[in-house]
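Working notes, structure below.
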Amino acid sequence: MSQRTLPLLIINLGGEMIYILDQRLRAQDDNDDKTQRGRWTDDDRKRVMNDIVATMFNKAFLEELLRPQDLYSHRALRTVLTRLAHASIMRLNQASMDKLYDLMTMAFKYQIVLCPRPKDLLLITFNHTDTIKELVKDNPSLVNQINEAQRQLIEVYTPLSDGDFELIRHTLLVLFQDMQIRVSIFLKEKIQNPNGHFVLQTSGPVPYGFEVPGLIRYFNAKGQEVRRTRFPSGGNYTSALRQGSFDLSGDRVTILGTNMYNTPSSQEMDPSTTSNSTRKQKQADTTPNPLATEELNLLAKLMGGMEVQKILNVDTGFKVNLLALDQEEEGIGISEGTAHESSRVINIQATQDQIASTELARIAGEFDEGGSLTEGPGNKGDDLLAMMDEL
């Protein structure tokens, strides 16, 4: 087990979490009735993103994260990511966080499985940090924090050998090997089987520095090549054009780790800025994936209503759907009222049926009474969680 795995794990999972939350909050702003007061605005979304990113790339948090240490359990990881999600004005209940955690982990597992070379895990991480920088580009302080984090990642990971990266990748695969959660996005794109296993393609570019399979070279005792033969490789492989950049900025080449929930920018969609062929290509690449949106619809249904408590006194009872949910789901929405004067808190409730909730709690309690163990104060992850409490 590699003791350099944890930073890559937390940053990549945190990046996937930010993608999902940002897309949900953007959809919320688009669906709001602009005539109502106290609506969920783009400023609120930016505040949530800024707060989460500021906590995730906090200097003290990163120093603890980059310290060589064993990998955390799924329970400890979920706790760390829950603290990150709650760094701002949102509150997710257990059901919402469970679904969010499933989406994060399966997305990252898919990226690990498709990673051409173990070292490309660093490129996937940089894709996450690059995209996060773009989300908070209006805040120079946060951009500097992310740049500093990238510099530390470069300093720690670029000297590692291919064997070290293979050990990191193996550690991550062992962590996720029992997670075979079916995700509708992957199922409908036919990149995941009904049993939860991912489908690996036998075509495409080979890793940088490798040759296309299908050639056998024969050498004599002096090491001289004497003849060549070819054989069918069973796939349509191509050579890699170039290697991704491991610098602070640059072309990462791979799209693994980018935001699959992203929407096209106005410039990319502007006919005056691109040729017809280029514009069609960009539209194909950047149009929001309806299958991804459908998966997020399920998350939105679980996340349910959000209660906003503002500093100023405003009318109560404001309600709006988190996503385009079914019309009969009137119990899911955003209500606004006055409460704590020191902060605004958004409480996201994923369950509407209190009777069912009580029954589930009773069943869960029976499992706990049956001898399930809780983590003691000496378990892994306590130092990091204590550090987050102080942020």
Next item on the list: Please lay out, stage by stage, how Asp138 and Lys46 fare under the test salt bridge (Lys or Arg N to Asp or Glu O under 4.0 Å).
Entry: CA-CA 9 Å; Asp138 294 334; Lys46 290 180 178 179; 3.6 Å; yes
Next item on the list: Evaluate the criterion side chain to side chain contact (heavy atoms under 4.5 Å, CB included) for residue pair Leu153 and Leu66; output intermediate values, then yes/no.
Entry: CA-CA 8 Å; Leu153 290 174; Leu66 290 169; 4.1 Å; yes
Checklist line | Intermediate values then yes/no, side chain to side chain contact (heavy atoms under 4.5 Å, CB included), Phe198 and Lys109 | finding: CA-CA 9 Å; Phe198 290 117; Lys109 179 181 179 179; 3.8 Å; yes
Notebook entry, point to check: Could you walk me through whether Asn50 and Leu142 pass the side chain to side chain contact (heavy atoms under 4.5 Å, CB included) check?
Noted result: CA-CA 7 Å; Asn50 290 346; Leu142 290 181; 3.5 Å; yes
Margin query: Quick one, Ile185 with Gln192, criterion side chain to side chain contact (heavy atoms under 4.5 Å, CB included). Give me CA distance, side-chain angles, the key distance, then yes/no.
Written below: CA-CA 9 Å; Ile185 306 175; Gln192 188 181 30; over 6 Å; no
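Side-chain atoms of Ile10 and Phe61, non-hydrogen and from C-beta on, do get closer than 4.5 Å to each other. With contacts defined as side-chain heavy-atom distances shorter than 4.5 Å, the pair Glu148/Leu62 does not qualify. The shortest distance between side-chain heavy atoms of Leu167 and Thr5 does not fall below 4.5 Å. With contacts defined as side-chain heavy-atom distances shorter than 4.5 Å, the pair Ile124/Cys115 qualifies. A heavy-atom distance below 4.5 Å is found between the side chains of Tyr101 and Leu77. Inter-residue side-chain proximity for Val253 and Leu123 is flagged as unmet; no heavy-atom pair is nearer than 4.5 Å. Side-chain contact check for Pro213 versus Val206: some heavy-atom pair is nearer than 4.5 Å. Ile255 has its side chain out of reach of Asn127: every pair of non-hydrogen atoms, C-beta onward, lies at least 4.5 Å apart.
Grouping Ile, Leu, Val, Met, Phe, Trp and Tyr residues whose side-chain heavy atoms lie under 4.5 Å apart, directly or via other members, places Phe231 in a hydrophobic cluster with Ile216, Tyr218, Val226. Here Leu248 sits alone; no ILVMFWY side chain lies under 4.5 Å from its own, so it joins no hydrophobic cluster.
Among all heavy-atom pairs drawn from Val53 and Ile132, the shortest one is CG2-CG2, 3.6 Å. Nearest heavy atoms, Gln180 versus Asn195: OE1-O, 3.6 Å. Nearest heavy atom pair, residue Met179 against residue Thr105, reads CE-OG1, 3.1 Å. Closest of all the heavy-atom pairs between Ala85 and Met17 is CB-SD, 3.8 Å. Scanning all heavy atoms of the two residues, the minimum distance from Tyr208 to Arg242 falls at CD1-C, 3.5 Å. Closest non-hydrogen pair, Met104 versus Leu81, comes out as CE-CD1, 3.9 Å.
Neither Val212 nor Leu200 shares a network with the other; the hydrophobic side chains, linked directly or stepwise wherever heavy atoms of I, L, V, M, F, W or Y lie under 4.5 Å apart, form separate groups for each. Hydrophobic clustering of Ile, Leu, Val, Met, Phe, Trp and Tyr side chains at less than 4.5 Å, counting indirect connections, keeps Val174 apart from Ile168. Two different hydrophobic clusters hold Leu187 and Ile20 under the rule that ILVMFWY side chains link at heavy-atom gaps under 4.5 Å.
Here the side chain of Asn220 pairs a donor or acceptor atom with the backbone of Lys222 at under 3.5 angstrom. Between the side chain of Ser88 and the main chain of Met90, no donor-acceptor pair closer than 3.5 Å is present. Side chain of Lys133 to backbone of Ile146: no donor-acceptor contact under 3.5 angstrom is found. A donor-acceptor pair under 3.5 Å is formed between the side chain of Tyr19 and the backbone N or O of Gly257. Judged by distance alone, with hydrogens and angles left aside, the side-chain atoms of His86 form a donor-acceptor pair with the main-chain N or O of Leu92 at under 3.5 Å. In terms of modelled atom types and a separation under 3.5 Å, the side chain of Gln69 and the main chain of Glu64 share a donor-acceptor contact.
Residues satisfying the side chain to side chain donor-acceptor pair (under 3.5 Å) criterion with Asp130, sequence neighbours excluded, are Gln150, Arg252. Every residue two or more places apart in sequence or in another chain was checked for a ring-ring contact (aromatic ring centres under 6.0 Å, His included) with Phe165, and none qualifies. Under the side chain to side chain donor-acceptor pair (under 3.5 Å) criterion, Gln111 pairs with Glu16, not counting sequence neighbours. With sequence neighbours left out, Arg217 forms a salt bridge (charged side-chain N to carboxylate O under 4.0 Å, His left out) with Glu211, Glu225. Here Arg227 pairs with nothing under the salt bridge (charged side-chain N to carboxylate O under 4.0 Å, His left out) rule; sequence neighbours left out. Applying the ring-ring contact (aromatic ring centres under 6.0 Å, His included) criterion to Tyr157, with sequence neighbours excluded, gives no partner residue. For Asn139, there are no side chain to side chain donor-acceptor pair (under 3.5 Å) partners at least two apart in sequence or on another chain. With sequence neighbours excluded, no residue forms a salt bridge (charged side-chain N to carboxylate O under 4.0 Å, His left out) with Arg169. Listed by chain and residue number, Arg26, Arg45 satisfy the salt bridge (charged side-chain N to carboxylate O under 4.0 Å, His left out) test with Asp22 (two or more places apart in sequence, or in another chain). Every residue meeting the side chain to side chain donor-acceptor pair (under 3.5 Å) condition with Thr125, not counting sequence neighbours, appears here in chain and number order: Asn12.
For the residue pair Thr55/Asn58, the side-chain donor-acceptor check at 3.5 Å is not satisfied. Side-chain contact of Ser141 with Asn144: a donor-acceptor pair under 3.5 Å is absent, judged by distance alone.
Residue His74 places its NE2 atom among more than 12 non-hydrogen atoms of other residues, nucleotides or ligands, all under 6.0 Å distant. The number of heavy-atom neighbours closer than 6.0 Å to CD of Glu155, taken from other residues, nucleotides and ligands shown, is 12 or below. Surrounding CD1 of Ile181 are more than 12 heavy atoms belonging to other residues, nucleotides or ligands, all under 6.0 Å away. The environment of Asp98 atom CG is dense: over 12 non-hydrogen atoms of other residues, nucleotides or ligands sit within 6.0 angstrom.
Between Phe246 and Phe126, the angle of the ring planes goes over 60°, which puts this pair in the perpendicular group of the 30/60° scheme.
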